[in-house]
Amino acid sequence: MLRISLYELYHTLLDIYGYQNWWPVDEHYHKSRGTDPRDEIIIGTILTQGTAWKNVEKALENIKKEGELSLRFIRKTNHEELAKLIKPSGFYKAKAERLKRVANFFNPTDVVRKVSREELLKIKGVGKESADAILLYAGDKLTFVVDAYTIRLFKRLYNIEGDYDRLKALIEDSIPRDITIYKEFHALIDTHAKMYCKSTPRCGECFLKDFCISAIQSF
DNA sequence: CCCCAGGGACATT
DNA sequence: AATGTCCATGGG
(Lines give C-alpha, C1' and ligand atoms only; values in the text may rest on other atoms or scores of the structure.)
Protein backbone atom coordinates (compact mmCIF):
# COMPACT_ATOMS: atom_id res chain seq x y z
CA MET A 1 0.00 0.00 0.00
CA LEU A 2 1.80 3.08 -1.25
CA ARG A 3 1.26 6.37 0.53
CA ILE A 4 1.43 8.11 -2.83
CA SER A 5 1.04 6.36 -6.18
CA LEU A 6 3.84 6.64 -8.69
CA TYR A 7 1.66 8.60 -11.07
CA GLU A 8 0.67 10.99 -8.29
CA LEU A 9 4.35 11.34 -7.46
CA TYR A 10 5.04 12.23 -11.09
CA HIS A 11 2.37 14.93 -11.12
CA THR A 12 3.48 16.32 -7.77
CA LEU A 13 7.07 16.63 -8.94
CA LEU A 14 5.90 18.13 -12.23
CA ASP A 15 3.78 20.71 -10.42
CA ILE A 16 6.69 21.75 -8.22
CA TYR A 17 9.61 21.65 -10.65
CA GLY A 18 7.96 22.00 -14.06
CA TYR A 19 9.08 20.27 -17.26
CA GLN A 20 12.80 19.45 -17.23
CA ASN A 21 13.09 18.92 -21.00
CA TRP A 22 15.75 16.24 -20.80
CA TRP A 23 18.03 15.38 -22.57
CA PRO A 24 19.60 18.86 -22.83
CA VAL A 25 21.22 19.41 -26.25
CA ASP A 26 22.59 22.46 -28.02
CA GLU A 27 20.02 22.58 -30.82
CA HIS A 28 21.52 25.67 -32.42
CA TYR A 29 24.96 24.05 -32.56
CA HIS A 30 23.71 20.99 -34.42
CA LYS A 31 21.39 22.94 -36.72
CA SER A 32 24.12 25.29 -37.85
CA ARG A 33 26.64 22.48 -38.40
CA GLY A 34 24.39 19.76 -39.72
CA THR A 35 25.40 17.36 -36.95
CA ASP A 36 22.97 14.98 -35.29
CA PRO A 37 21.73 16.11 -31.85
CA ARG A 38 21.31 12.45 -30.92
CA ASP A 39 25.10 12.12 -31.07
CA GLU A 40 25.34 14.61 -28.22
CA ILE A 41 22.96 12.50 -26.13
CA ILE A 42 24.94 9.31 -26.77
CA ILE A 43 28.24 11.03 -25.96
CA GLY A 44 26.78 12.67 -22.84
CA THR A 45 25.45 9.32 -21.64
CA ILE A 46 28.94 7.85 -21.53
CA LEU A 47 30.59 10.95 -20.09
CA THR A 48 28.13 11.30 -17.22
CA GLN A 49 28.77 7.81 -15.84
CA GLY A 50 29.52 8.27 -12.14
CA THR A 51 30.19 11.96 -12.73
CA ALA A 52 28.55 15.30 -11.96
CA TRP A 53 26.88 16.79 -15.02
CA LYS A 54 28.78 20.04 -14.50
CA ASN A 55 32.01 18.22 -15.31
CA VAL A 56 30.43 16.64 -18.39
CA GLU A 57 29.56 20.12 -19.66
CA LYS A 58 33.21 21.09 -19.52
CA ALA A 59 34.15 18.04 -21.56
CA LEU A 60 31.40 18.72 -24.11
CA GLU A 61 32.63 22.31 -24.46
CA ASN A 62 36.17 21.07 -25.07
CA ILE A 63 34.93 18.77 -27.82
CA LYS A 64 32.98 21.61 -29.44
CA LYS A 65 35.91 23.97 -29.18
CA GLU A 66 38.67 21.67 -30.41
CA GLY A 67 36.68 19.44 -32.71
CA GLU A 68 33.05 18.56 -33.38
CA LEU A 69 30.35 17.22 -31.11
CA SER A 70 29.51 14.18 -33.21
CA LEU A 71 30.13 10.45 -33.36
CA ARG A 72 32.11 10.80 -36.58
CA PHE A 73 34.55 13.08 -34.74
CA ILE A 74 34.85 10.51 -31.96
CA ARG A 75 35.62 7.86 -34.57
CA LYS A 76 38.34 9.79 -36.35
CA THR A 77 40.08 11.22 -33.28
CA ASN A 78 42.84 9.15 -31.70
CA HIS A 79 42.64 7.91 -28.13
CA GLU A 80 45.15 10.35 -26.63
CA GLU A 81 43.52 13.42 -28.16
CA LEU A 82 40.03 12.28 -27.18
CA ALA A 83 41.12 11.48 -23.62
CA LYS A 84 42.62 14.95 -23.30
CA LEU A 85 39.42 16.65 -24.42
CA ILE A 86 37.16 14.74 -22.04
CA LYS A 87 39.52 14.89 -19.07
CA PRO A 88 37.25 17.11 -16.91
CA SER A 89 34.55 14.40 -16.92
CA GLY A 90 36.78 11.99 -14.99
CA PHE A 91 37.63 8.32 -15.67
CA TYR A 92 38.83 9.80 -18.93
CA LYS A 93 40.97 6.95 -20.22
CA ALA A 94 38.18 4.41 -19.76
CA LYS A 95 35.58 6.80 -21.15
CA ALA A 96 37.67 7.54 -24.25
CA GLU A 97 37.65 3.82 -25.05
CA ARG A 98 33.94 3.53 -24.31
CA LEU A 99 33.17 6.47 -26.59
CA LYS A 100 35.18 4.84 -29.37
CA ARG A 101 33.32 1.54 -29.04
CA VAL A 102 29.91 3.21 -28.96
CA ALA A 103 30.73 5.52 -31.88
CA ASN A 104 31.89 2.56 -33.95
CA PHE A 105 28.76 0.63 -33.01
CA PHE A 106 26.60 3.45 -34.36
CA ASN A 107 28.35 3.39 -37.71
CA PRO A 108 26.75 3.75 -40.18
CA THR A 109 24.63 6.27 -38.34
CA ASP A 110 20.87 6.41 -37.90
CA VAL A 111 20.52 2.94 -36.43
CA VAL A 112 19.78 4.31 -32.96
CA ARG A 113 16.03 4.03 -33.52
CA LYS A 114 16.23 0.36 -34.48
CA VAL A 115 18.84 -0.94 -32.07
CA SER A 116 17.80 -3.24 -29.23
CA ARG A 117 18.67 -3.06 -25.54
CA GLU A 118 20.42 -6.43 -25.78
CA GLU A 119 22.68 -5.21 -28.57
CA LEU A 120 23.64 -2.11 -26.62
CA LEU A 121 24.42 -4.15 -23.51
CA LYS A 122 26.98 -6.15 -25.48
CA ILE A 123 29.15 -3.04 -25.84
CA LYS A 124 31.81 -2.96 -23.13
CA GLY A 125 31.21 0.24 -21.19
CA VAL A 126 27.46 0.34 -21.77
CA GLY A 127 25.49 -0.95 -18.79
CA LYS A 128 21.77 -0.98 -18.15
CA GLU A 129 21.39 2.68 -17.34
CA SER A 130 23.44 3.90 -20.29
CA ALA A 131 21.60 1.53 -22.64
CA ASP A 132 18.21 2.70 -21.42
CA ALA A 133 19.24 6.36 -21.54
CA ILE A 134 20.38 6.02 -25.15
CA LEU A 135 17.20 4.15 -26.08
CA LEU A 136 14.82 6.60 -24.38
CA TYR A 137 16.47 9.96 -24.99
CA ALA A 138 18.27 9.36 -28.29
CA GLY A 139 16.07 6.62 -29.76
CA ASP A 140 12.64 7.65 -28.47
CA LYS A 141 12.06 4.06 -27.40
CA LEU A 142 9.62 3.41 -24.56
CA THR A 143 11.97 2.23 -21.84
CA PHE A 144 12.41 3.71 -18.37
CA VAL A 145 15.82 4.80 -17.11
CA VAL A 146 16.70 3.84 -13.55
CA ASP A 147 19.71 5.43 -11.89
CA ALA A 148 21.30 5.82 -8.46
CA TYR A 149 18.91 8.67 -7.65
CA THR A 150 15.89 6.54 -8.52
CA ILE A 151 17.10 3.70 -6.34
CA ARG A 152 17.81 6.06 -3.43
CA LEU A 153 14.48 7.89 -3.65
CA PHE A 154 12.38 4.73 -3.99
CA LYS A 155 14.19 3.04 -1.15
CA ARG A 156 13.49 5.96 1.14
CA LEU A 157 10.02 6.88 -0.07
CA TYR A 158 8.57 3.38 -0.44
CA ASN A 159 11.19 1.12 1.12
CA ILE A 160 11.56 -0.58 -2.26
CA GLU A 161 14.95 -2.22 -2.62
CA GLY A 162 17.19 -1.66 -5.63
CA ASP A 163 17.81 -4.26 -8.33
CA TYR A 164 17.69 -2.33 -11.55
CA ASP A 165 15.35 -4.47 -13.64
CA ARG A 166 12.81 -5.00 -10.88
CA LEU A 167 12.52 -1.27 -10.18
CA LYS A 168 12.39 -0.52 -13.89
CA ALA A 169 9.54 -2.98 -14.42
CA LEU A 170 7.64 -1.66 -11.41
CA ILE A 171 7.77 1.91 -12.67
CA GLU A 172 6.91 0.96 -16.25
CA ASP A 173 3.86 -0.92 -14.96
CA SER A 174 2.74 1.97 -12.75
CA ILE A 175 2.68 5.01 -15.03
CA PRO A 176 1.20 5.58 -18.51
CA ARG A 177 3.27 4.14 -21.36
CA ASP A 178 4.23 7.51 -22.78
CA ILE A 179 7.66 8.59 -24.01
CA THR A 180 7.37 12.13 -22.71
CA ILE A 181 6.24 10.95 -19.28
CA TYR A 182 9.13 8.48 -19.08
CA LYS A 183 11.62 11.20 -20.01
CA GLU A 184 10.18 13.74 -17.62
CA PHE A 185 9.66 11.40 -14.67
CA HIS A 186 13.26 10.25 -14.74
CA ALA A 187 14.48 13.86 -14.96
CA LEU A 188 12.14 14.98 -12.18
CA ILE A 189 13.34 12.19 -9.90
CA ASP A 190 16.92 13.33 -10.45
CA THR A 191 16.04 16.96 -9.80
CA HIS A 192 14.28 16.11 -6.56
CA ALA A 193 17.09 13.83 -5.43
CA LYS A 194 19.63 16.58 -6.06
CA MET A 195 17.63 19.22 -4.19
CA TYR A 196 16.08 17.32 -1.26
CA CYS A 197 16.61 13.56 -1.30
CA LYS A 198 20.37 14.01 -1.26
CA SER A 199 22.96 11.66 0.16
CA THR A 200 22.11 13.30 3.49
CA PRO A 201 18.45 14.19 2.94
CA ARG A 202 16.75 17.47 3.82
CA CYS A 203 13.56 15.82 5.04
CA GLY A 204 12.46 18.74 7.18
CA GLU A 205 12.06 20.92 4.10
CA CYS A 206 10.87 18.17 1.73
CA PHE A 207 7.30 18.44 0.44
CA LEU A 208 7.12 14.65 0.21
CA LYS A 209 7.83 13.98 3.88
CA ASP A 210 4.19 13.15 4.69
CA PHE A 211 4.31 10.36 2.10
CA CYS A 212 7.81 9.14 2.91
CA ILE A 213 8.44 6.09 5.08
CA SER A 214 12.02 7.04 5.96
CA ALA A 215 11.22 10.66 6.81
CA ILE A 216 8.67 9.63 9.43
CA GLN A 217 10.99 7.22 11.18
CA SER A 218 14.39 8.73 11.46
CA PHE A 219 15.12 11.99 9.69
C1' DC B 1 40.60 17.05 5.24
C1' DC B 2 36.18 14.80 3.88
C1' DC B 3 32.21 13.24 0.61
C1' DC B 4 29.86 12.99 -3.64
C1' DA B 5 28.50 13.15 -8.59
C1' DG B 6 22.86 11.68 -14.29
C1' DG B 7 28.03 3.89 -13.87
C1' DG B 8 30.37 -0.07 -15.28
C1' DA B 9 33.86 -3.79 -15.31
C1' DC B 10 35.99 -6.95 -12.79
C1' DA B 11 37.51 -9.53 -8.57
C1' DT B 12 36.28 -11.56 -4.34
C1' DT B 13 33.29 -13.90 -1.05
C1' DA C 1 23.79 -13.28 -5.86
C1' DA C 2 25.66 -9.83 -3.17
C1' DT C 3 29.54 -6.85 -2.06
C1' DG C 4 34.10 -4.42 -2.76
C1' DT C 5 37.38 -1.88 -5.60
C1' DC C 6 38.98 0.77 -9.18
C1' DC C 7 38.55 4.33 -12.54
C1' DA C 8 39.56 10.43 -11.81
C1' DT C 9 38.09 15.25 -12.14
C1' DG C 10 35.94 19.11 -9.81
C1' DG C 11 32.78 21.27 -6.51
C1' DG C 12 30.88 21.78 -1.83
Side-chain angles (χ1 to χ4, degrees), chain A residues 10 13 17-26 37-63 65-66 69 79-103 105 117-139 141 143-156 160-169 171 181-202 205:
Chain A
Y10 165 72
L13 294 174
Y17 297 115
Y19 283 100
Q20 305 297 297
N21 297 310
W22 273 22
W23 197 282
V25 289
D26 189 342
R38 292 175 297 183
D39 288 10
E40 179 173 353
I41 297 172
I42 295 167
I43 293 167
T45 298
I46 299 301
L47 293 183
T48 199
Q49 291 172 346
T51 301
W53 182 252
K54 197 73 182 173
N55 289 354
V56 177
E57 289 180 325
K58 297 177 192 297
L60 293 177
E61 284 306 312
N62 284 346
I63 295 174
K65 193 173 172 181
E66 306 294 332
L69 190 49
H79 174 86
E80 287 73 22
E81 176 65 15
L82 184 57
K84 190 178 74 181
L85 292 176
I86 66 171
K87 198 163 187 175
S89 72
F91 309 150
Y92 58 92
K93 290 195 281 286
K95 283 178 179 176
E97 292 182 10
R98 293 176 186 186
L99 281 176
K100 281 285 194 182
R101 284 192 288 262
V102 172
F105 175 83
R117 189 171 192 253
E118 290 68 33
E119 289 177 287
L120 285 175
L121 288 174
K122 288 177 186 169
I123 306 170
K124 188 166 27 163
V126 177
K128 290 173 180 176
E129 182 184 340
S130 297
D132 286 332
I134 290 170
L135 289 169
L136 177 62
Y137 290 104
K141 183 171 162 54
T143 190
F144 195 82
V145 181
V146 173
D147 63 359
Y149 288 138
T150 312
I151 292 170
R152 187 168 75 199
L153 178 65
F154 278 61
K155 166 64 178 166
R156 288 178 179 163
I160 295 171
E161 289 292 349
D163 185 80
Y164 190 102
D165 291 310
R166 185 167 157 266
L167 195 47
K168 173 184 172 71
I171 296 171
I181 292 175
Y182 278 26
K183 289 181 178 178
E184 284 300 323
F185 194 26
H186 172 74
L188 287 164
I189 288 168
D190 283 22
T191 296
H192 183 68
K194 284 176 189 170
M195 296 187 66
Y196 293 98
C197 207
K198 302 154 79 79
S199 183
T200 52
R202 302 163 51 195
E205 311 154 75

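By convention in this document, chain letters (A, B, ...) are assigned in the order of the sequence lines, proteins followed by strands, and residues within each chain are numbered from 1.
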*Produce a footprint string for nucleotides 1-8 of chain C: one letter per nucleotide, 5' end first; B if the base is under 4.0 Å from any protein heavy atom, S if only the sugar-phosphate is, - if neither.*
------BB

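Looking at heavy-atom distances under 4.0 Å, A/Val56 makes no contact with the nucleic acid at all. Here A/Lys54 lies out of heavy-atom contact (under 4.0 Å) with every strand. In this structure, A/Lys194 reaches the bases: a heavy-atom distance under 4.0 Å links it to at least one base atom across the strands shown.
In this structure, the nucleotide among C/dG11, B/dA5, B/dG8 sitting nearest to the side chain of A/Glu129 is B/dG8. Considering only side-chain atoms of A/Ser199, the nucleotide from B/dC4, B/dG8, C/dG11 that sits closest is B/dC4. Proximity note for A/Lys124 (side chain, C-beta onward) versus B/dA5, B/dC10, B/dG8: the nearest is B/dC10.
For A/Tyr182, the ring-ring contact (aromatic ring centres under 6.0 Å, His included) partners two or more places apart in sequence, or in a different chain, are A/Phe144. Every side chain to side chain contact (heavy atoms under 4.5 Å, CB included) that A/Lys54 has, sequence neighbours left out, goes to A/Glu57. A/Arg101 is linked by a side chain to side chain contact (heavy atoms under 4.5 Å, CB included) to A/Glu97, A/Arg98, A/Ile123, A/Lys124, counting only residues two or more places apart in sequence or in another chain. Partners of A/Phe154 under the ring-ring contact (aromatic ring centres under 6.0 Å, His included) rule, at least two apart in sequence or in another chain, are A/Tyr158. Listed by chain and residue number, nothing satisfies the salt bridge (charged side-chain N to carboxylate O under 4.0 Å, His left out) test with A/Glu66 (two or more places apart in sequence, or in another chain).
A/Asp165 has a carboxylate O that lies under 4.0 Å from a charged side-chain N of A/Arg117, or vice versa, which qualifies the two as a salt bridge.
Nearest-nucleotide mapping onto DNA chain B: of A/Gly127 and A/Asn55, the residue sitting toward the 5' end is A/Asn55. When each of A/Leu121 and A/Asp190 is assigned the nucleotide of DNA chain B with its nearest heavy atom, A/Asp190 is the one assigned upstream, toward the 5' end.
Nucleotides C/dA2 and B/dA5 have their P atoms positioned 23 Å apart, rounded to a whole Å. Separating the P atom of B/dC10 from that of C/dA8 is a span of 14 Å, rounded to the nearest Å.
Ring planes of A/Tyr10 and A/Phe185: perpendicular class, angle over 60° (limits at 30 and 60°).
If you measure from atom CG of A/Asp147 to atom P of B/dC4, you get 16 Å, rounded to the nearest angstrom.
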